[in-house]
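Small disclaimer: the values here were computed from a predicted structure and weren't measured. Chain naming here is simple, since letters A, B, ... match the order of the sequence lines and numbering starts at 1 in each.
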2 protein chains.
Amino acid sequence: MMVTLKMQTNKENLLSQGVQLLMQQGYHGTGLKEILDAVQIPKGSFYNYFPSKESYAAEVIQYYIAPFIEQLGSHLENSKLDGLTALKTYFDELIVELEQANFKGGCLLGNLMGEIGDTSDLCQQSLRLAVHQYRELLATGLRKAQMEGTVRIDKSADDMADLLVNTWQGALLRMKIEQSADPIKQCCHDLLDDYFSV
Amino acid sequence: MMVTLKMQTNKENLLSQGVQLLMQQGYHGTGLKEILDAVQIPKGSFYNYFPSKESYAAEVIQYYIAPFIEQLGSHLENSKLDGLTALKTYFDELIVELEQANFKGGCLLGNLMGEIGDTSDLCQQSLRLAVHQYRELLATGLRKAQMEGTVRIDKSADDMADLLVNTWQGALLRMKIEQSADPIKQCCHDLLDDYFSV
DNA sequence: AGTTAAGAAACGACCAGTCGTCTTGAGTGT
DNA sequence: ACACTCAAGACGACTGGTCGTTTCTTAACT
């Protein structure tokens, strides 16, 4: 009982630390030793928790996206906000967080899609799953906004959600090299305030 | 005289091979040995051509973007095509190339922005320069299209060029994990055929 | 008693980068 | 036109360190 509990917190620590390090340094740029040192777990123990670095990364991806799904979901369920406002509020929060992080890291999904999205099957699957979940939630919000009359209905919510996800990811890349929040702010403005709007 | 000529072709071979390998495997995922073996240059000679792997990558970035600038530029200078058609034609060509590559690699700029865009100063500078050149050329095309009356004038060509670059990059990431050309096709359609259009 | 995790040590392979030797060809003096 | 000089590129072995992974003994819990 105790042992499995300890194991679970160890595993969570590994995943949590993995989010930080993999996001900032990438997959190949981060060694297991660095992760293990940070959470004070000896190297030999790692393979009690994960079968390989690759499948560890695949789990980190899911661990990373869950809070974003939750955060966006709770905004959409907030009955005080209409769908479009909920989306805008959510992205505004993300922008603040990214500014506080001084534009370091960006998005783990975007970074890993570029680095290993087409070379690691395991991570590709995990990335696809994570992006699809996220995209689906955005589409739900856009559908709600369509019914509320604040978003155009001549484009499908699914297509707009894809466009929003992709533009956001591209804007995050730009943010990293410009060291500025302008690209991500522009992304939200162009799409949410203009293109999607009725 | 001969020696500098040989040096130049060696250097170009290194850059050309670097484009391929860095695009497909990333910066940290590609070892110098792998590059050097591919172009049959011994390890010790590498540092006669480049002071470090990092500055090599920075040069690879410029070597990579040049042909794209040239290709897009020649389309824009083609007097038979209006600006908007030139842009569409250019991106259609890119899509064909990416399909032929089976969606492997994507764009070196996007991949490196995500992986080392905020950790390597040298590469960040090089990436910024490359993206700015590219963005400026797209803006030129969009400005031309505005004057021809095929693109809306209530948004600045610069802003639209940024949006186009960013969305394209995000769509390339999606392409890599979906293993499909749909995201990049959708990107062109949404922006060039719809949002930018009058 | 039996199962499983913890943990240390070590595995071979590979990393970016360096060092000193070898080779080459341009420049100079004749 | 030829021989000599000498800097500069070519080159491969080697550096210390790190990579992901495995092995095996010890310890703890059921």
From [atom1] of [X] over to [atom2] of [N], roughly how many Å is that when rounded to an integer?
X     : N      : atom1 : atom2 : value
B/L22 : C/dA16 : CG    : P     : 11 Å
A/F46 : C/dA10 : CZ    : P     : 22 Å
B/D37 : C/dA13 : CG    : P     : 16 Å
B/Y47 : C/dC15 : OH    : P     : 12 Å

Task: cation_pi(A/K11, A/Y63) dist<6.0 Å, angle<=45 - done: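 Not satisfied by the 6.0 Å and 45° rule.
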Open item on the list: Whether the side chain of B/E99 engages the backbone of B/A181 through a donor-acceptor N/O pair (distance < 3.5 Å, no angle test) should be reported.
Closed with: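 Between the backbone of B/A181 and the side chain of B/E99 there is no qualifying donor-acceptor contact (under 3.5 Å).
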Task: Criterion salt bridge (charged side-chain N to carboxylate O under 4.0 Å, His left out) against B/D118, the qualifying member of A/R174, A/K176, A/K104 - done: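 Of A/R174, A/K176, A/K104, salt bridge (charged side-chain N to carboxylate O under 4.0 Å, His left out) with B/D118 is met by A/K176 alone.
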TODO: Measure the CG-CZ distance between B/L32 and B/F46 for me, rounded to the nearest 0.5 Å.
DONE: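 The CZ atom of B/F46 is 4.5 Å from CG of B/L32, to the nearest 0.5 Å.
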Open item on the list: Are B/I116 and B/L129 linked, directly or through intermediate hydrophobic residues, by side-chain heavy-atom contacts shorter than 4.5 Å (ILVMFWY only)?
Closed with: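 Shared cluster, no.
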Under-4.0 Å salt bridge between [X] and [Y]:
X      : Y      : result
B/K144 : B/E77  : no
A/K33  : A/D37  : yes
A/D158 : A/R135 : no

What protein N or O atoms touch nucleotides 11-13 of chain D N or O atoms at under 3.5 angstrom, if any, and at what distances?
from   : atom 1 : to    : atom 2 : distance (Å)
D/dG12 : N7     : B/G44 : N      : 3.3

Task: A/E34 atom CD, neighbour heavy-atom count above 12 within 6.0 Å - done: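 Atom CD in A/E34 is packed in, count exceeds 12.
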TODO: Under 4.0 Å from any atom of DNA chain C, heavy atoms only: list the residues of residues 27-36 of chain B that qualify, in numerical order.
DONE: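 Correct list: B/T30, B/G31, B/L32, B/K33.
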Open item on the list: Among B/R152, B/H189, B/K155, exactly one meets side chain to side chain donor-acceptor pair (under 3.5 Å) together with B/Y195. Which residue is that?
Closed with: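 The single option meeting the side chain to side chain donor-acceptor pair (under 3.5 Å) with B/Y195 is B/K155.
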Task: Close residues, residues 49-64 of chain B, relative to DNA chain D [heavy-atom separation under 4.0 Å] - done: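 Result for residues 49-64 of chain B: B/Y49, sorted by number.
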